[in-house]
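These notes are about the structure you will find just below.
Read the numbers this way: they start at 1 and go in the same order the structure lists the ligands and their atoms. Source: prediction; values computed, not measured.
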Amino acid sequence: MASSYNPFRGMMSRDIGIDLGTANTLVMVRDQGIVINEPSVVAIDRKSRRVLAIGSEAKEMVGRTPANIVAIRPLRDGVISDFDITQKMLEYFIRKANDRTRLAGKPRVVVGIPSGVTEVEKRAVRDASIAAGAREAFLIEEPMAAAIGAGLPVTESMGSMVVDIGGGTTEVAVIALGGIVVSNSIRIAGDEMDEGIIQYARQKYNLFIGERMAETVKMAIGSAYPLDREETRVLRGRNLITGLPQQVEVSSVEIREALSGPVNAIVEVVRDTLDDTPPEPIADLLEHGIALAGGGALLRGLAQRLADETKMHVYVADDPLACVAKGAGAVLENLDAYAKVLASTQRASIGR
Ligand code: ADP
Ligand code: MG
């Protein structure tokens, strides 16, 4: 058996926190901050299933790929739809972080995973981390990591609520004493908002637009609450009747209407979670408010809309896209204090 003696053990710089998101993967290295921030996309050859590109390079191919290349988002729905591809993506990001930061030896890794994933999927993520060279792999549920990254006092008895609106899923959790008291997850988030804009353009203008166009307009003028100054943008696509390229100017009022389905669903899941929350944590929430994390938190007016609907103080966490990665990083820095919040652990049995 290999000796368990490791001269680098405990060396700080080799610990990595990963947010394996449905839309974006972020890798955080202790003392260095976020070293990787790329889309969770893998481009593969349809026939051979060979991986052609991962991350930013692969996202560039979405919607532009020749027929033989498909761009896959293996976590799109908050579940791992393709083990092999997820594994390759995770390995790629861990290796890249390792190369970039010239970490000596094997890192310890904390990976944030969607809270709906099954035991089998958890194992796949742990195995992939070990295969990618991790010495130990810890998993943490994303809402927990998001809450820690948002600066909420998760280990205290006081109740906190975080709403993490990503690409594929919205997760709502009330947390106290290092555990999740109540949680809900829906497969409606940023992607569904993009889809709402695509449907709207089709129905109202017979205009067929791509996902990237929809996302760009959402980020530019999307909202969940009337804006002080409404704006317009141009949607470019193809007319479904003539088949010709077409552009249409749309207003932020129209885009708000296009987003109303998914936005209402997010409001509903937050209200349902509040309904299920016991009175003591509710009292804490009334005092301290609700934190929003994830890219969807950046939708203009969403915090205000949620505040209106819940009669609570709702605020966007600092750097909402980085909350899960920062939370995973914080856990690494203090594994003992956060032992309770981890979903599971695996050590590499050889090569330590
Ligand atoms: P995940 O954790 O699922 O990978 P992220 O937290 O990275 O997701 O958020 C990605 C989602 O956030 C995407 O749907 C993206 O379009 C959306 N998003 C990013 N910035 C904005 C913005 N300014 N306004 C609205 N949505 C945004
Ligand atoms: Mg996320």
List the closest protein heavy-atom neighbour of atom 23 (N) of ligand 1: residue, atom name, distance to the nearest 0.1 Å. Leu298 CB, 3.4 Å
First locate atom CD of Glu171, then atom CD1 of Ile180, and finally report the distance between them rounded to the nearest 0.5 Å. 8.0 Å
Taking distance alone, with N or O pairs closer than 3.5 Å, would you say Lys218 contacts ligand 1? yes
Hey, mind stepping through Ile34 and Val27 against side chain to side chain contact (heavy atoms under 4.5 Å, CB included) and telling me if it holds? CA-CA 6 Å; Ile34 289 163; Val27 181; over 6 Å; no
Give me the residue, atom name and distance of the protein heavy atom closest to atom 15 (C) of ligand 1. Glu215 OE2, 3.2 Å
Look at Lys59 together with Glu57 and state whether they make a salt bridge at an N to O cut-off of under 4.0 Å. no
Residue part near ligand 1, for Asp164, under 4.0 Å between non-hydrogen atoms: neither
For Leu321, the atoms of ligand 1 under 4.0 Å from one of its heavy atoms are 5 (P), 6 (O), 7 (O), 9 (O)
Ser252 side chain to Glu230 side chain, donor-acceptor N/O pair below 3.5 angstrom: yes
Give me the nearest non-hydrogen protein atom to atom 3 (O) of ligand 1 as residue plus atom name, then the distance to 0.1 Å. Thr22 OG1, 2.5 Å
Whether Gly222 lies under 4.0 Å from ligand 1, heavy atom: no
As an exercise, identify every atom of ligand 1 less than 4.0 angstrom from a heavy atom of Gly296. 12 (O)
With a 4.0 Å cut-off, would you call Arg123 and Glu119 a salt bridge? no
Which atom names give the shortest non-hydrogen contact between Arg76 and Thr22, and what distance separates them? O-CB, 3.8 Å
For atom 11 (C) of ligand 1, tell me which residue out of Cys323, Ala214, Gly166 has the closest non-hydrogen atom. Gly166
For atom 2 (O) of ligand 1, the closest protein heavy atom turns out to be Gly21 CA, 3.8 Å
Just to verify, what does Tyr92 make a side chain to side chain donor-acceptor pair (under 3.5 Å) with, not counting sequence neighbours? Lys96
Please report which non-hydrogen protein atom sits nearest to atom 7 (O) of ligand 1, along with the residue it belongs to and the distance in Å to one decimal place. Asn24 ND2, 2.7 Å
Name the closest protein heavy atom to atom 20 (N) of ligand 1, giving the residue it belongs to and the distance to 0.1 Å. Met219 CE, 3.6 Å
So which residues get pulled into Phe208's cluster when ILVMFWY side chains under 4.5 Å apart are joined, directly or through others? Leu240
Taking the side chain as every heavy atom from C-beta outward, state whether Val341 and Val331 have any atom pair closer than 4.5 Å. yes
At less than 4.0 angstrom from any non-hydrogen atom of Gly190, what atoms of ligand 1 do you find? 14 (O)
Starting from atom 21 (C) of ligand 1, what is the nearest protein heavy atom, named by residue and atom, and what distance separates them? Gly295 O, 3.5 Å
